[in-house]
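In what follows, a structure is listed as structure tokens, so that the remarks can point back to it.
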Amino acid sequence: MEVQFTQEIAQLQLGAGQTFHGEGILAITKALLQSGVAYVGGYQGAPVSHLLDVMVQAKPYLDTLGVHVEACSNEASAAAMLGASIHYPLRGAVTWKSIVGTNVAADALSNLASPGVTGGALIVVGEDYGEGASVIQERTHAYAMKSTLLLLDPRPDLANMVDMVGHAFAMSEASNMPAIMEVRIRACHVRGKFECKDNVAPRVSTQALIEEPAGFDYMRLAHPPVTFRHEKLKTEQRIPAAQRYIAEHRLNELFDGPRRNVGLIVQGGLYNALVRALQQLGLADAFGDSEIPILALNVTFPLVPEEVSRFCVGKDAVLVLEEGSPEYIEKDIIQALRRLDVQTPVHGKDLLPAAGEYTVEAMAGGLLEFVGKYLPQVDLGEARRWLAGNAQRRESVAKDTGALPARPPGFCVGCPERPVFSALKLAQQQVGPVHVAADIGCHALATFEPFSSGHSILGYGMSLASRAGVSPMMQRRTLAIMGDGGFWHNGLLTGVQAALFNSDDAVLLIMKNGYTSATGTQDIISTPDEEAKESAADKHQSLAHQNQTIEDTLRGMGAKWMRTVHTYEVDAMRRTVQEALTSDFNGLKIIIAEGECQLERQRRIKPWIAGKLKRGERVVRVKYGVDEDVCTGDHACIRLSGCPTLTLKDNPDPLKVDPVATVIDGCVGCGLCGANAHAATLCPSFYRAEVVKNPGWAERWMARLREGVTRALRPA
């Protein structure tokens, strides 16, 4: 991975008496080391990517502490790492993006939670939920409930988040339950400070090895008949132990206020947004002090019934602010109160949105109804005007601007996967439309215009498996697309192995760009090594062809039909796709589309180019453009490319009204526009130019000669 975390690694080494300044997710990373974690693993994915990325790059420092770090192949393998804490007093932490990552890890989590853990086990999940999410709109809470896992949702304050990490390990050990800490996107990126403690080297570590393995204990296996005993232990011992710890250490925070006849119960992660909403109602001051008492749940499962009861008893009503659906916490609170014969009215989803992200405005709407009913003396006129003003401004903007054009996300400039979908579009003109099983990854951006390609996305690396049911029913062959990251994550076993075993007649297209690019361009097993990267930089070459692990694996599994094509060779890719879809070969046909991730390529070559310029050496930059006198205004090139730097401008010819194509600044010189024009036989309006810096004397002389000849040929 080319992204460097030098400053972040330095922050991890801060000790007692020093102050940490930074983001929430890095604070959690530092807290792991302060808590004596012995091993760390995980699978990358926003919003928690930095935790694992920083730990991997900090390995030399972590080795001095005896902390083992492992980048796992998927979330299931990360969850399985926590098995180390079943027998041994090892504190372990793993991380991934939820809910999709937790879905992958579910089997391991169930089998971990059944016997329970001896050493503290913590899973830090990025609760990728709401407007900014890139995954299914579901929540981690259901997994905590069904598998009996501790669930922490810390208030987004760095000192509190760091404290909750330490308590999560201690509570896990006290109750023998694995713990999940969910952190939303805003919590991961909230900035602040906290007073550091010294990092703690674990008692058992890579520097202090275990002399003998634990003795055999059948109770430590997730296997009948002992699983029946485990089920009783969960309810009879583990949950009560966790509840005692929560109560004794006051993990859930009470923020008192003068209007004690009502109360608010909120997930810790929503606390900051709630205070802001209260400020809009005039019920909280500029320092965040609320007039209405708030119970902030830093631990959302299990709840402590007596704690909830004490907060609610004697109040006219309480409002539960719980993001997402179903309302697990609200139902638990109502059940706990009624069993304790506390009849305080409980509101929640009846006043607040049933689903969706709880933004400040969403909360404010529910608070208005709640306060209006139970605090009639409060003047809510200003708050209502604020909400009405927001709605009016939106309506006004919509009226003035009309329908805004759609701005879907797209591939990066120069992305090597864009030409593959151009070729696929051309191939389908010849063979007819085909069923395309899409996948998670950068290539999923092809589901947007101008490609609009993909009939299903069932999970990371699941594309080939997802076409198994429809493939035998189709007149034409189906096409599955996955990236090299998805191939190693899940695709090799769930898709390729099954297709080869069943002799499925299908086509698989693997995007081999060298990294798990969509998650932050982390290295994978098929990433070229550092020596290859340096060699490629010196020669200004692509990297994709320098690691053959995917090809060797497929050959070893018995793949008979396999083609490798460079992605920017659009016409060659078109012919290969057509061949795969029409070949007489009956079996799995695999196309490997080689082309290094453009972001990583630019990160490699930019320092190399800067060095050459500094030394005064010759540097050539390729630039593409469109001859506006030749452009027909058909714009087929744009419909076939979708590159952000290939766009439109007004036609310079006053007799023509159609705009012409143009290439704007930002072009990286990948050559796709020209390759598309050749493959699709478009108008010959594209030209290729070379911008030379620090040219030699011969080039300067030739440039002056060309300029003189051109000037002489111009009409007077």
Side-chain angles (χ1 to χ4, degrees), residues 405-408 410-430 445-446 448-453 542 565-575 577-578 595 598 601-602 620-693 699 702-703 705-716:
R407 297 186 64 188
F411 294 106
C412 298
V413 175
C415 175
E417 297 180 0
R418 178 182 283 109
V420 178
F421 290 98
S422 297
L424 177 58
K425 204 169 185 178
L426 294 173
Q428 290 184 91
Q429 287 183 336
Q430 301 298 318
L445 295 171
F448 298 107
E449 294 180 345
F451 303 114
S452 301
S453 174
S542 175
V565 186
H566 195 278
T567 61
Y568 288 105
E569 297 173 1
V570 177
D571 197 42
M573 182 64 72
R574 174 188 61 80
R575 292 195 305 270
V577 171
Q578 286 181 215
Q598 187 65 224
R601 183 173 180 272
Q602 292 300 319
V620 179
R621 180 172 69 88
V622 174
K623 180 176 175 58
Y624 286 83
V626 177
D627 188 333
E628 57 194 32
D629 294 327
V630 179
C631 177
T632 63
D634 173 68
H635 310 147
C637 54
I638 294 176
R639 292 192 295 273
L640 194 56
S641 168
C643 177
T645 62
L646 180 58
T647 184
L648 300 175
K649 73 174 185 179
D650 291 337
N651 199 316
D653 189 336
L655 300 179
K656 296 180 180 179
V657 295
D658 292 331
V660 295
T662 185
V663 179
I664 60 175
D665 289 341
C667 172
V668 296
C670 69
L672 173 60
C673 45
N676 277 345
H678 169 70
T681 320
L682 304 177
C683 67
S685 57
F686 287 96
Y687 64 82
R688 180 182 185 276
E690 292 183 351
V691 180
V692 182
K693 294 185 178 180
E699 285 180 308
M702 284 297 296
L705 176 62
R706 291 192 188 100
E707 187 177 349
V709 172
T710 303
R711 190 182 301 112
L713 293 175
R714 287 175 185 163

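Positions are given from 1, in the same order as the sequence printed here.
- A pairwise comparison of heavy atoms in Cys667 and Thr645 identifies N-CG2, 3.6 Å as the closest pair.
- The closest donor-acceptor contact from the side chain of Arg639 to the backbone of Asp634 lies under 3.5 Å.
- A donor-acceptor distance shorter than 3.5 angstrom exists from the side chain of Lys425 to the backbone of Pro450, with no hydrogens or angles considered.
- Scanning all heavy atoms of the two residues, the minimum distance from Cys415 to Pro419 falls at O-CD, 3.4 Å.
- Separating the CG atom in Asp650 from the OG1 atom in Thr662 is a distance of 11.0 Å, to the nearest 0.5 Å.
- In terms of modelled atom types and a separation under 3.5 Å, the side chain of Ser685 and the main chain of Val626 share no donor-acceptor contact.
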*Please report the C-alpha distance between Cys643 and Phe411 in whole Å, then the side-chain angles of each, then the deciding distance to 0.1 Å, and finally whether the side-chain contact (heavy atoms from CB on, under 4.5 Å) criterion is met.*
CA-CA 7 Å; Cys643 177; Phe411 294 106; over 6 Å; no

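- Of the possible donor and acceptor atoms, one in the side chain of His635 sits under 3.5 Å from a partner among the backbone N and O of Pro659.
- Checked by atom type and distance alone, the side chain of Thr567 pairs as donor or acceptor with a backbone atom of Pro416 at under 3.5 Å.
- Annotation: the span from Cys673 atom SG to Leu640 atom CG amounts to 11.0 Å, rounded to 0.5 Å.
- No more than 12 heavy atoms of other residues, nucleotides or ligands lie within 6.0 Å of CD in Glu449, so this atom counts as exposed by the packing criterion.
- Contact detail for Gly666 and Val413: the closest heavy-atom pair is O-CG1, 3.4 Å.
- When every heavy atom of Ser422 is checked against every heavy atom of Ser641, the shortest pair comes out as OG-CA, 4.2 Å.
- In this structure, Gln428 CD and Ser453 OG are separated by 6.5 Å, a value rounded to the nearest 0.5 Å.
- Interatomic distance, Leu648 CG to Cys631 SG, rounded to the nearest 0.5 Å: 8.5 Å.
- Contact record, Val630 with Pro684: CG1-O, 3.9 Å, taken as the closest heavy-atom pair.
- More than 12 heavy atoms of other residues, nucleotides or ligands lie within 6.0 Å of NZ in Lys623, so this atom counts as buried by the packing criterion.
- Within the 4.5 Å cutoff, the side chain of Gln598 has no heavy atoms near those of the Cys412 side chain.
- Here the side chain of Asn651 pairs a donor or acceptor atom with the backbone of Asp658 at under 3.5 angstrom.
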*Applying side-chain contact (heavy atoms from CB on, under 4.5 Å), run through Arg688 and Val622 and close with a yes or a no.*
CA-CA 7 Å; Arg688 180 182 185 276; Val622 174; 3.2 Å; yes

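- Between atom CZ of residue Arg706 and atom CD of residue Glu699 there is a gap of 8.5 Å, rounded to the nearest 0.5 Å.
- The shortest non-hydrogen separation linking Cys637 to Leu646 is O-CD2, 3.9 Å.
- Between Phe686 atom CZ and Asn676 atom CG the span is 8.0 Å, to the nearest 0.5 Å.
- With hydrogens and angles disregarded, no donor-acceptor distance shorter than 3.5 Å links the side chain of Arg418 to the backbone of Tyr568.
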